[in-house]
Amino acid sequence: MMDAPLQVARILEHGSTVHGTAEVVTWTGAEPRRMSYAEVGRTAARLAHALRDELGVTGDERVATFMWNNAEHLVAYFAVPSMGAVLHTLNIRLFPDQVTYIANHAQDRVVIVDSTLIPLLAKAIGQMTTLRHVVVVGGGDPAALLAATGDRVAVHRWDDLLAGRPDRYDWPAVDERDAAALCYTSGTTGNPKGVAYSHRSIYLHSLQICMPEGFGLGPTDRELAIVPMFHAMSWGLPYAAFLSGAALIMPDRFLQAAPIAEMIATERPTLAGAVPTIWNDLLAHLDSHDVDTSSLKEAIVGGSACPPALMHAFSERHGIEVVHAWGMTEMSPLGSVSRPPAGATGDDAWRYRYTQGRVPAGVQARIVGPLGEPLPADGTSVGELEVRGPWVTATYVGDDIPDEEKFRDGWLRTGDVGTLSPDGFITLTDRAKDVIKSGGEWISSVELENALMAHPDVVEACVVGVPDERWGERPLATVVLREGAEVGVEQLREFLAGTIARWQLPERWAVIDAVPKTSVGKFDKKVVRSRYADGGLAVRELTAP
Ligand code: AMP
């Protein structure tokens with residue numbers, strides 16, 4: 001067989017020619033902007049020429065983005081890796097000093113920024129020591145960037161920089177194992193760690209995303225990519241779109257439920273991907289407004305555990321099937337997708353759908369005990385999940401030897417705890433650090449949260465372990481109630497008693513306005529624990545039932 005390298009440039013060439021009439025739609029709050037994939041190809045060539053000829057980007061230098069999901073970000077996704085440089089997607093929701101740390105660690109040379117994000121970037125850019133150029137997309141005033149950097153950094157406008165440049169580029173042959181893109185983890189402890197995706201890993205991962213056991217994409221699909229392009233490469237949706245010919249709908253900065261609902265009604269996506277928080281907000285909106293969601297067949301939910309109540313609500317009230325998926329930045333990110341096996345129907349099918357899903361051939365999974373000993377894949381043995389495969393990172397950027405807390409004998413230690421069934425379905429019960437260790441027994445915080453969120457008056461529930469003199473740790477339940485709800489925490493505890501063993505029921509309860517979230521929209525349990533420790537929560541302690 002021929003040894004054709006698996007390159008991002010090949011995905012671009014394919015999408016921009018064979019699927020050249022497919023479109024990327026960018027939401028603007030007024031008339032959406034439309035760009036064909038053929039035009040994305042031409043603009044990517046112009047950007048690559050500008051980066052090379054004008055800004056002097058060579059070799060595997062890093063070109064960062066500080067952007068929403070939009071057509072220009074898509075252009076950068078293709079241009080930068082295709083020319084042999086490395087795309088670095090900066091997370092716009094991190095604290096400025098974290099953004100600075102990451103940009104310096106990655107040695108970013110250029111950053112492309114949406115003009116609506118100039119004020120945010122201005123807070124971080126002053127200390128970015130390797131940065132030489134900023135490219136501003138849109139018409140905003142870059143004065144704040146210049147003020148923060150002086151003449152160390154040159155500021156360019158996207159339109160001016162690209163104007164008049166050739167719309168073809170002779171994409172170089174690269175080693176398929178070379179880095180194409182870089183993303184830092186959004187870990188809540190310690191400094192973020194870099195994961196470098198190779199051309200090969202992106203290609204293989206994108207194929208899997210398109211497969212029926214992945215997201216099942218084809219040219220008649222329209223993907224609403226809500227999951228940010230700075231979070232785990234938007235789950236691979238942009239590259240998969242170019243491989244499959246599926247159209248892309250990009251929300252830009254319009255991430256609230258009302259505009260998302262409007263995008264669904266007018267742009268008619270067939271599939272959408274987002275974290276549970278977004279879906280939760282959208283559900284409340286759909287329940288109280290008349291929105292045409294008939295095009296949307298599947299909503300992919302991942303990033304944190306999807307409460308079964310959310311899946312049922314979408315399916316039964318809006319005809320949208322929520323598909324649960326699991327993954328990590330370290331895994332490109334796809335780890336598993338929950339599609340019931342042949343023959344499963346009714347409640348049996350639902351039980352499969354609640355799980356984190358089945359691993360594809362590209363991901364090998366195993367469960368290990370506390371000493372790293374492999375446990376049986378029998379669907380009941382509980383331990384830490386470890387994975388390996390061609391789109392799983394082997395180490396973090398800059399580490400000479402793989403960090404042994406995260407890697408073991410060629411496997412990635414996910415830090416997720418759960419079971420693996422003989423037919424490859426993963427069921428997670430918790431993050432290792434969030435499991436509540438009560439009197440030598442484990443309580444799953446996720447199980448308590450899911451059970452609480454099944455109550456009609458509970459919008460969100462976040463459960464953490466807190467120190468307890470007698471048991472070591474006990475669960476603290478923090479709940480956000482629906483507006484106007486009058487349910488008391490005693491009633492919530494009684495409700496839980498219907499499905500949860502009595503000894504696991506929380507004694508400590510706090511009703512809160514909102515669950516604190518991380519930069520990528522997950523429950524920030526570290527903040528909840530520290531608010532509790534600082535006495536910042538109004539906690540009610542119920543006596544034992
Ligand atoms: P990130 O690298 O930010 O995508 O975070 C990866 C982590 O998110 C995983 O290790 C899990 O702890 C969590 N996660 C992702 N998807 C799910 C899911 N479907 N259910 C439970 N946890 C999830």
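Remember, it's 1-based here, ligands and their atoms both numbered in the order they're listed. Predicted, not measured: the structure shown is a model, and the values here were computed from it.
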Give one line per pair: atom of ligand 1, protein atom, distance. Only N/O to N/O under 3.5 Å.
from     : atom 1 : to     : atom 2 : distance (Å)
ligand 1 : 2 (O)  : Thr329 : N      : 2.9
ligand 1 : 2 (O)  : Thr329 : OG1    : 2.7
ligand 1 : 3 (O)  : Ser186 : OG     : 3.2
ligand 1 : 3 (O)  : His231 : NE2    : 3.1
ligand 1 : 3 (O)  : Lys522 : NZ     : 3.2
ligand 1 : 4 (O)  : His231 : NE2    : 3.2
ligand 1 : 5 (O)  : Lys522 : NZ     : 2.7
ligand 1 : 8 (O)  : Gly303 : O      : 3.3
ligand 1 : 8 (O)  : Lys522 : NZ     : 2.7
ligand 1 : 10 (O) : Asp416 : OD1    : 3.4
ligand 1 : 10 (O) : Asp416 : OD2    : 2.7
ligand 1 : 10 (O) : Arg431 : NH1    : 2.8
ligand 1 : 12 (O) : Asp416 : OD1    : 2.6
ligand 1 : 12 (O) : Asp416 : OD2    : 3.4
ligand 1 : 12 (O) : Arg431 : NH1    : 3.1
ligand 1 : 14 (N) : Gly303 : O      : 3.2
ligand 1 : 16 (N) : Gly303 : N      : 3.0
ligand 1 : 19 (N) : His324 : NE2    : 3.0
ligand 1 : 19 (N) : Ala325 : O      : 2.8
ligand 1 : 20 (N) : Ala305 : N      : 3.3
ligand 1 : 20 (N) : Gln356 : NE2    : 2.9

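Listed by first and then second residue, the side-chain hydrogen bond (donor to acceptor under 3.5 Å, both in side chains) pairs that reach into residues 391-400 are Glu330-Tyr396, sequence neighbours excluded. For residues 300-311, no pair satisfies salt bridge (Lys or Arg N to Asp or Glu O under 4.0 Å), with sequence neighbours left out.
For the residue pair Ser445 and Lys525, a side-chain donor N or O sits within less than 3.5 Å of a side-chain acceptor on the partner. For the 3.5 Å distance criterion, the side chains of Asp114 and Asn70 qualify, holding a donor opposite an acceptor.
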Kindly list each side-chain donor-acceptor pair under 3.5 angstrom involving residues 379-387, sequence neighbours excluded, with atom names and distances?
from   : atom 1 : to     : atom 2 : distance (Å)
Thr380 : OG1    : Asp378 : OD1    : 3.3
Thr380 : OG1    : Asp378 : OD2    : 3.4
Ser381 : OG     : Asp378 : OD1    : 3.1
Ser381 : OG     : Asp378 : OD2    : 2.9
Glu384 : OE2    : Gly415 : N      : 2.9
Glu386 : OE1    : Arg366 : NE     : 2.9
Glu386 : OE1    : Arg366 : NH2    : 2.7
Glu386 : OE2    : Arg408 : NE     : 2.7
Glu386 : OE2    : Arg408 : NH2    : 2.8

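The aromatic ring centres of Tyr101 and Tyr184 sit 6.0 Å or more apart.
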